[in-house]
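To start, the structure under review is shown below, and the notes come after it.
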Amino acid sequence: MNMEKIYDSKSVEKKWSKYWVDNKTFSAKIDINRKPFTIVIPPANVTGSLHMGHALNATLQDIIIKFKKLQGYNTLWVPGTDHGGIATQNVVEKFLKKEGKTKYDLGREKFLKKMWQWKNKTGNAILEQLKIIGCSLDWNRVAFTMDESRSKAVKKAFIQLFNKGFIYRSKRLVNWCPRCLTALSDIEIEYETEKSSLWYIKYPLRDSKDYVVVATTRPETILGDTAVAVNPDDDRYVSLVGRILKLPLVNREIKIVSDYIVDKFFGTGAVKITPAHDAIDNEIAMRNNLEIIEIIDTNGKMINVSAKYCGLSVEETRKEIVKDLEESGFLVKVRDYNHSVSRCYRCCTKIEPLMSEQWFLKVEEMSKKTIDVTNNAKTVFYPCSWKKPYILWLQNLRDWCISRQIWWGHRVPVYYCLDEEGNKTGCKPIASFDKPDECPYCKGKNFIQDDDVLDTWFSSALWPLSVFGWGEKENNEELRYFYPTSVLCTGHEIIYLWVARMVQFGLEFMNDIPYKDIFIHGIVRDKHGKKMSKSLGNVVNPCDIIEKYSADTLRFVLAQIATPGRDMQVSEEAFLSARNLTNKVWNASRFVLMHLENIDKIDDNINSVDLADDWIISEFYDTFAKVKIAYDSYDIAVVTRVIYDFFWTKYCDWYIEFSKIRIMSKNMNEKKQVLSVLVYILKSILQLMYPIMPFITSEIWQVLNKDTKIIAESTLPDKKELKCKTSVEKMKSIQDIIVRIRTLRSEMNIPPGIQIGILFNILNDDKEKIVKENQHYIRKLAKINSIQFGKNLVRPKDSALTVSSDFEIFLPLVGVIDVEKAKARLLKEITLAKQEKERTSLKLQDEEFIKRAPKIEIEKIKIRFNEANLKIAKINENLDFFR
RNA sequence: GGGCAGUUAGCUCAGGUGGAAGAGCAUUUCCCUUACAAGGAAGAGGUCGCAGGUUCAAAUCCUGCACUGCCCACCA
């Protein structure tokens, strides 16, 4: 058999990732006899290359998919990428800038051509990287949010919503990025605390010498003020409501209005109202029928203001205004103030709220349905703590601004009828797949398409439908079979941007949820808990890890830390430890294979006759059960830990060691017997590990099963009926004895090379048989060359000893024994035993405890008390020898 | 302002339906024993953030508080 001494992850991983792709191992077809298990990948932006977040996200989905496949499901994991709207356009614009050009120099058509070139060149890098980490995606189904099929889905969805009246055009206050030159939705902005000032400004009354002082963080917007608002319950101002103010510097006459939204206790309790450039002011303006004056244009420059300020930037204007206010005596005071400013989530430029005509999507009805399916547990969050904020968000959701003033994206499929001079006729616009032939209203034949493109999240929201060809194929069997998908796996940063909207669209277009389970994982952080970012220089690149260690190592570490919903830290040490595991797996397998070499055939049907076999099989099924439960709640961290623990501490540290003894046996049946269990458990471990570490397990599996199926197409074992669970208890006794002797040897400084004899007093007759039957294990693992069993053996002179409630072991060491050491350890043991006796006897004297505690607990304490007592007596007896 | 997490060994984190504190890494001692020194054996190391409460019994449940992080908000 061909297992090199050192595992060569590089060549093995290369081989298998190619094999899976070439053989289409993970291609899925409709199979009505099998249950589907489907995941659609969160499509990565074409701008990106794989970072730790992607690696984690992909690894977790892959683990789930692979496990379900082993369980016999017809699994499908759909790959794909997202065109990434603004983010991607920004990247290409940056390249243009280096050439000294702007997109306007090229024009829309040429610019889009450039975008496509760029996408075609770099867009698939991330998919290739997913192949490297071993993802079992169906590569026949790679989808892109702007490919033909997905574009049809977007058009169909838009037209349907448009004709239903859910999509409408309106001029309102929107979040505007003056750098990207586009509107953004409410969740595409991020807040950042900024050190700024609060300016207190006098607004004089028109008809008296009095004035009102307002506090503001944006003095420059004074130019667009159309009112001052106060709280109707504010005694200071109640008499002023309705009075007229003269706006400083501008001299426009504005009213004092009242509105409950105004906080009496903030600033002066009077707030200046700039309806065109502030969301709250805009609301107040709506309620009070105020004039809206736009003073900032889409470039962030002043308009509709006096020549002095016209054309200045917002920052410049602020300086000028403050200076002018101060000079003319309107500025009362300035104080330092921290407040949060909104920034574009794509370029970090400060958002400028302004009035703009945009396309909006009504969300009320869809949100209501989405809340319902969440409350009815048709969709379930893992962890469930996301349910509450999710519902809260849906309840307060405002209509979604879906249009963007960029070029890269799905162009709004709305057409306007044109007259002969090329002007819009004013006929109702038409939503349509292609340019309409004829206007149904005026019979005109000239049309122009809307200039805007859709928010990139609009096409993302259709992803679970569009990947199956919704909108393209009629009578879609694939969609019927694979939809709804089984689970959505993503980070919490896009729950609102993406997850909620997919559910809304799924319910809208399919009348069914897109997935039942929503598995939210944490964010990968560095070892200090900081978010990874290029600017901090703390980015751990998954490709570097793969290069340095292996893909299996990377996967294992990510799996190990993936507690649902919690952020996690990665560090170099974690990779070392995972690398050690792969090494251990390799070597344990080599051990098994080595001994299989001269064996013609082993029985596939294991039948255990030995305690060690019973024990390891029992432990395996216990582990297997725990693994299945952990998968049910997507707790991959637990899955990983449980498997690791079983493999290392049970299989390697104990079972393989036990096996060695029987393998050495001359008896071929005995040899075959133990090998059959060794192989059976090893294969099962490989299967459990395969979803986490697919490469090394595939390689070993193939060596073990030359002529049979690859591990990816294997099936997990059914539960074996175990003879009894008592093997675990019995084994504990044997292990306890071995550990005790080892401890004694270690503390007495007896080198492992020296074989010793022991005297073994059995104190508990129930244990006699089991200990005697398994003494070969004790001999071998504790390096004992002779055991003398007895009931009342007397401790030989110069011997160390260890005592439990079941037995007493003497370790005679003539000439070698360090009497003081032996005595010291007895004193230590007796101290512990006395503490135990003290603790338990106090409990047993406690009347309330005896009265109220469950019987089983009282029994446990009694046993512990008796054991402690016995131990103390035995140690005392032996301590006498040292006196 | 509201909400949600977290606070356990030097570090990273498990555990937690209440009934004798766990792992990995680091550390100490011994061992290159024919799967593995990327290993094995044995040890040391914690009043489970603070203060109350419930209970026979609290790391675990409840209430406050502190600190850390995240999310949401109508922070003028």
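Convention: sequence-line order gives letters A, B, ...; per-chain numbering from 1. None of the values given here were measured: they were computed from a predicted structure.
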Contact class for A:Glu657 (heavy atom, under 4.0 Å): base, sugar-phosphate, or nothing? base
Could a donor-acceptor pair under 3.5 angstrom be found where the side chain of A:Arg864 meets the base of B:rA20? yes
Under 4.0 angstrom, heavy atoms only, what part of the nucleic acid is A:Ala853 near: base, sugar-phosphate, or nothing? base
If you check the A:Lys783 side chain, which of B:rU33, B:rC75, B:rG19 turns out closest? B:rU33
Could you check whether A:Asp846 gets within reach of a base, just the sugar-phosphate, or nothing at all, counting any heavy atom under 4.0 Å? sugar-phosphate
Indicate, yes or no, whether a donor-acceptor pair under 3.5 Å links the base of B:rA23 to the side chain of A:Arg641. no
Do A:Lys843's NZ or CZ and the ring of A:Phe849 fall within the cation-pi criteria of under 6.0 Å and 45°? yes
Residue among A:Leu842, A:Ile872, A:Leu832 satisfying side chain to side chain contact (heavy atoms under 4.5 Å, CB included) with A:Lys837: A:Ile872
Just call it for A:Val739: base, sugar-phosphate, or nothing, with non-hydrogen atoms closer than 4.0 Å on any strand. sugar-phosphate
Quick one: does any side-chain atom of A:Ser550 pair with a main-chain N or O of A:Thr553 as donor and acceptor, under 3.5 Å? yes
Any base atoms under 4.0 Å from A:Arg590, or only sugar-phosphate, or nothing? Heavy atoms, all strands. sugar-phosphate
Nearest-nucleotide comparison on RNA chain B, the residue closer to the 5′ end among A:Pro752 and A:Thr649: A:Thr649
